[in-house]
Amino acid sequence: MDLPAKYDPSLTEDKWYSYWLKNNFFHSEPDDREAYTIVIPPPNVTGVLHMGHMLNNTIQDVLIRRARMLGKNACWVPGTDHASIATEAKVVAKLKTEGIEKTDISRDEFLKHAWEWKEKHGGIILEQLKKLGASCDWERTKFTMDEDLSSSVVNTFVYFYKKGWIYRGVRMVNWDPEGQTAVSDEEVIRKETPSKLFYLKYFISENGKTTDKFIVIATTRPETIMADTAICVHPLDERYNWLKGKRVLIPLINKEIPVIEDDYVSMDFGTGCLKITPAHDINDYEIGLRHKLPVIDILDKYAKLNDKAQILIGEERFAARRKIVKMLAEAGNLEKEEPYTSQIGYSERTNAVIEPRLSLQWFLKMNEAAENALKYVESDQIRLIPDKYKNTYRHWMENVHDWCISRQLWWGQRIPAWYLPNGEFVVESNKEEALKAAQKINPELSVSDLQQDNDVLDTWFSSWLWPISVFDAGKPGFPDREPNKELAYYYPTNDLVTAPEILFFWVARMVMAGHEFCGGLPFRNVYLTGTVRDKSGRKMSKSLGNSPDPIKLMENFGADGVRVGMLLCSSAGTDILFDESQVEQGRNFSNKIWNAFRLIKSWQVDDSLTTSPQNKVAVEWFDSLLSQSIETMNDHFEKFRLSDSLMLLYKLFWDDFCAWYLEIIKPVQGGAMDKGTHEATLVYFDKLLKLLHPFMPFITEELWQNLSNTKDGESIMILKQPKAEKYSTDLILNVEQAKATIVNIRSIRQSKSISPKEPLSLYIKGDFSEALYCIIKKMANINAIKPYSEKEESLNGSSFMVGTVEFFLPLGNLVNKDDEITRIESEIKHLEGFLVAVNKKLSNEKFVANASKDVVEMEYKKQSDAMTKISKLTQLKRELKK
RNA sequence: GGGAGCAUAGCUCAGUUGGUUUAGAGCAUCUGCCUUACAAGCAGAGGGUCGGGGGUUCGACUCCCUCUACUCCCACCA
């Protein structure tokens, strides 16, 4: 028996993880037990583990391990997301380093590279999750672009198209002229950029002729004036009454455009007069729609001026800006220019200035789906934890926009629309079906006449099927069919653990898909984690470099330590400000458990010994406390108060089990322990390990295996959680009273510099369980406890009270009477203040009349207790003054 | 600009339909201890009047209003 004094996680974690895998403990098959299912929020296939994943997956693992130990058939389905934008960007970047441009290779060639990349780098993150102890059913690992999952996605598109929910329409996208692609809003980085505001004169036209009257319009983009299709003022702007209904001429090209009125215009910005350029600004586009303005697109896909611009054709937009300003100045149209700083969008990938560009996209109508999805949450069929997110959820569902589901990328599920030579299109799940449909339009057509849409679907269009498609995907006819055995058993899933940022992107859409394809909810509880931030509250990010490497962290502190450190400070929905000291605390806790084990293991048992009174009472007490704690812990879990649950266990183990229970029963130096106490202690330790297992899987397995004479194939992780038995609240309270007494004695010892080794005697008066005297004797080193009546008046010492029980500790001349008096006086003062507050309540007739009986009775008890204490303390003071 | 949320010890947070001893925990701090399970430890102690103001109530950290600070979401101004 020579266990080291420090727990070394590196010696146990990998060992037990492979043991669990070897024994297939994580795997689940449908059976007659109740199912408990979690699907992982699939991380990006090319992603690496960050602290957000750590928190999120720790929570999932705690839930799944606990469910497993509650006897449920627990199934945690892992997998990854193809993350089209992020992954494609990575592949493009990688090809670039090899001197290959995406534009130079074919779609098929590109996809070949992308799959190679995926095979090579994909799923690193899943391997990293194993270090954390994640008990995922790895046999069920899925990828959103697995063949069967992809075919679900395609079928879903066809389904909604035929239902009339999917349509094609024009929309303004964020165009990256360098990357030659549209990018999502999330990939546009807005940066404060100094630019200039140009004040341009637009002359009024009368009967097609220029007048000398003009208006001034402020713009940051003079190179787009050729695409202007109107001038806009606020309808209530009296300054421009004279202008309303008139027409003006675009400078340089002298094109006549109307003056319109729209309340979008702010009267107090610029000149209160706005040029409308529908093709090159999202707001202008919307105003254009309202006023049925024509759209003139003067920029090509390289953001160079095209022939519609009439002038400066072929010039790049910024060069054109410089030139046109000069031209405008020469023509007398430039009134002034002033410096101006505005938020300009840049492409995350190429850093090119984003150009708003109109293009044809695919959309999914959301109104009806959102209405359905809202009902589940409003009626609490789906619980959001914390429920403050219900508001946010409702707000979004009531203001939902149609969902743009097309992306100008290659990596993803290609839109199953086929174009006929005449521009018509058909939507079918494959080319053969498409041809049949096309031939209904034109029987002459052959396969080679069909051109499939170049775009792929938004990644969320595959992830919203995730809880369904991981169990049952891809078969013909999806979604119109009966569930298979797996789906029928595991679905709906139980809990979903995810970040609030994707409540709409993902969670709400899964609810929609669940309703549409399975006629019900996809999960019952949605636990929303907070964002992991650094100590000063900044979001952890690669670019800030403020995120610790989770793998290093686990190497340094152990996976259990990291799990505990994160969970202790994270309640649902609140951000966690991460600091290494938290993980240190987790590591220290591991070590505490380890050393408690070392102590217990070191004890020699002597069968002939009878159980001492203090051991007997300690065993009874801890039995009660354990049951009470289990009850509270279960309640915490029901409410998803995971950190409270863990904190409860932390204190139960550290304070009650180690600092009190083990210290009480600890044999005196070199002594042996009686059998009964030893056995009870082993049972308690075993139960504590089981309670701790969901939070700290590795150390609990290690110690449990060490404690029990296990055979291969046994494990703590598949055993049942201990249940709460009947317990005595009185006993728990009495021991609390004894603990308070002991703390008082220790405190007096320290303030008087009396060594803990020096035995003292104690006098007691009041209602105190004699059965606990033995504990006080052992824990406070008291050699005799005597009734107050035996105390000689002349005795010097220190008095204190616990509740209404009086204690006296004889200390001879160590005690200074004046100090004692001062201490007692301050205590009396405190009690008197307290009594005043209580009396005030009780003398208030309205309080006595209105407050509930229990509350009033409690106040009376407070009053009498306080009065008793005051009188006793006053008595003591008087005695001391003699 | 619109919407939501939060504000409790030095730090991170609890405080569960307003009422059980004039607010709890963990960490940190301070004091004393290397007491053979653990110094990643043991024993003890100090510390807040619940962001400011107003209101409802017999009673408010808890409900309402308002101001302030911060955070998030959405829309962003030519």
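Throughout, a chain's letter reflects where its sequence line sits, starting with A, and its residues are numbered from 1.
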Is a donor-acceptor pair below 3.5 Å formed from side chain A:E663 to base B:A37, judging by atom type as modelled?
yes
Under a 3.5 Å cut-off for both distances, is B:U16 Watson-Crick or wobble paired, and to whom?
none
Would you classify A:N283 as touching base, sugar-phosphate or nothing, given that sugar-phosphate means primed atoms plus P, OP1 and OP2, and contacts are heavy atoms under 4.0 Å?
sugar-phosphate
Any idea which of B:G26, B:A40, B:A43 is nearest the A:Q585 side chain?
B:G26
Mind checking A:A837 for me? I need base, sugar-phosphate or nothing, with any heavy atom below 4.0 Å counting as a touch.
nothing
Does B:C42 have OP1 or OP2 under 4.0 Å away from a side-chain N or O of A:W654?
yes
With a 4.0 Å cut-off on heavy atoms, is A:Y650 in touch with a base, just the backbone sugar-phosphate, or nothing at all?
sugar-phosphate
Both A:L599 and A:H636 contact RNA chain B. Which one's nearest nucleotide lies toward the 5' end?
A:H636
The Watson-Crick or G-U wobble partner of B:C77, with both key distances under 3.5 Å, is none
A:R749 backbone acceptor or donor facing A:S753 side chain under 3.5 Å
no
To the nearest 0.5 Å, how far apart are CG in A:L243 and SG in A:C273?
6.0 Å
Mate of B:A23 across any strand shown (Watson-Crick or G-U wobble, both atom pairs under 3.5 Å) is none
Tell me: CG of A:L646 to P of B:A25, nearest whole Å?
17 Å
Between atom CG in A:N588 and atom C1' in B:G26, what is the gap in whole Å?
13 Å
May I ask you to say what A:L568 touches in the nucleic acid, namely base, sugar-phosphate or nothing, with a heavy-atom cut-off under 4.0 Å?
nothing
Could you check which of B:A37, B:G19, B:A45 has an atom nearest any side-chain atom of A:V743?
B:A45
At 4.0 Å (heavy atoms only), tell me whether A:C658 reaches a base, stays on the sugar-phosphate, or touches nothing.
base
Is the distance between the ring centroids of A:Y684 and A:Y661 less than 6.0 Å?
yes
Nearest to the side chain of A:K651 - B:A25, B:A14, B:C58?
B:A25
Flag the pair A:V265 / A:V233 as yes when at least one side-chain heavy-atom distance between them is below 4.5 Å, and no otherwise.
no
Working to the nearest 0.5 Å, report the span between CG of A:L692 and CZ of A:F653.
6.5 Å
Listed nucleotide nearest any side-chain atom of A:R641, set B:A78, B:A37, B:A14:
B:A14
Could you state the CG-P distance from A:L55 to B:C13, rounded to the nearest angstrom?
13 Å
Between B:C64 and B:C77, how far is it from one P atom to the other, in whole Å?
36 Å
What is the nucleic acid contact for A:V265, judged by heavy atoms within less than 4.0 Å: base, sugar-phosphate only, or nothing?
base
Say we look at B:A14 and B:C63: how far apart would their P atoms be, to the nearest angstrom?
15 Å
Measure from the side-chain heavy atoms of A:K592 and tell me the nearest of B:A37, B:C76, B:U16.
B:A37
Counting only heavy atoms not in A:K861, do more than 12 sit closer than 6.0 Å to its NZ atom?
no
Partner lookup for B:U31, please. Criteria are Watson-Crick or G-U wobble with both distances under 3.5 angstrom; report none if nothing qualifies.
B:A43
Contact class for A:N391 (heavy atom, under 4.0 Å): base, sugar-phosphate, or nothing?
sugar-phosphate
In Watson-Crick or G-U wobble terms, both distances under 3.5 Å, what is the partner of B:G59?
none
Picking from B:A40, B:G5, B:A37, the nucleotide nearest the side-chain atoms of A:K6 would be B:A40
If you measure from the P atom in B:U35 to the same atom in B:G41, how many Å do you get, rounded?
16 Å
Across the strands shown, which category fits A:R394 at heavy-atom distances under 4.0 angstrom: base, sugar-phosphate, nothing?
nothing
Measuring only the P atom in each nucleotide, how far is B:G19 from B:A75? A whole number of Å is fine.
41 Å
Separation of A:D579 atom CG from B:G10 atom C1', in whole Å?
14 Å
Base, sugar-phosphate alone, or nothing: which one does A:M858 contact when heavy atoms must sit under 4.0 Å apart?
base
Stepwise side chain to side chain donor-acceptor pair (under 3.5 Å) test for A:S798 and A:R823:
CA-CA 10 Å; A:S798 197; A:R823 217 194 67 225; 3.0 Å; yes
Of the candidates B:U22, B:A14, B:G44, the side chain of A:F834 sits closest to B:U22
Interatomic distance where NZ belongs to A:K666 and P belongs to B:C38 [whole Å]
8 Å
Pairing check on B:A7: which nucleotide meets the Watson-Crick or G-U wobble criteria with it, both distances under 3.5 Å?
B:U68
Nucleotide nearest A:A659 when distance is taken to its side chain, options B:A37, B:A43, B:C42
B:A43
Distance between P atoms of B:A4 and B:C67 (Å, rounded)
14 Å
Compare the minimum distances between each of B:A37, B:G26, B:C38 and the side chain of A:N591, then state the nucleotide with the smallest one.
B:C38
Quantified in whole Å, what is the P atom distance between nucleotide B:C38 and nucleotide B:C50?
45 Å
Please evaluate the base of B:A40 for a donor-acceptor partner in the side chain of A:R587 within a cut-off of under 3.5 Å?
yes
What closest approach, in Å, do A:E859 and A:V838 show between heavy atoms, and which atom pair accounts for it?
O-CG1, 3.4 Å
Length of the CD-C1' vector between A:E501 and B:C74, whole Å
14 Å
Write down the distance between CG (A:L528) and P (B:A4), rounded to a whole number of angstrom.
19 Å
NA contact type, A:W603, heavy-atom cut-off 4.0 Å: base, sugar-phosphate, or nothing?
nothing
Between CZ on residue A:R587 and OH on residue A:Y7, distance to nearest 0.5 Å
13.0 Å
Nearest-Å distance, CD1 (A:I250) to P (B:A78)?
20 Å
CD1 of A:I742 to NZ of A:K778, rounded to nearest 0.5 Å, is 11.5 Å
For A:N850, which contact category applies under a 4.0 Å heavy-atom criterion: base, sugar-phosphate, or nothing?
base
Look at the side chain of A:E859 and the base of B:U20, then say whether one donor and one acceptor between them are separated by less than 3.5 Å.
no
Of the nucleotides B:C77, B:A43, B:G26, which has the atom closest to the A:R746 side chain?
B:A43
Whole-Å C1' distance, B:U66 and B:U29
38 Å
Determine the Euclidean distance between corresponding C1' atoms of B:G24 and B:G15; express it in Å to zero decimal places.
7 Å
Both A:I282 and A:K739 contact RNA chain B. Which one's nearest nucleotide lies toward the 5' end?
A:K739
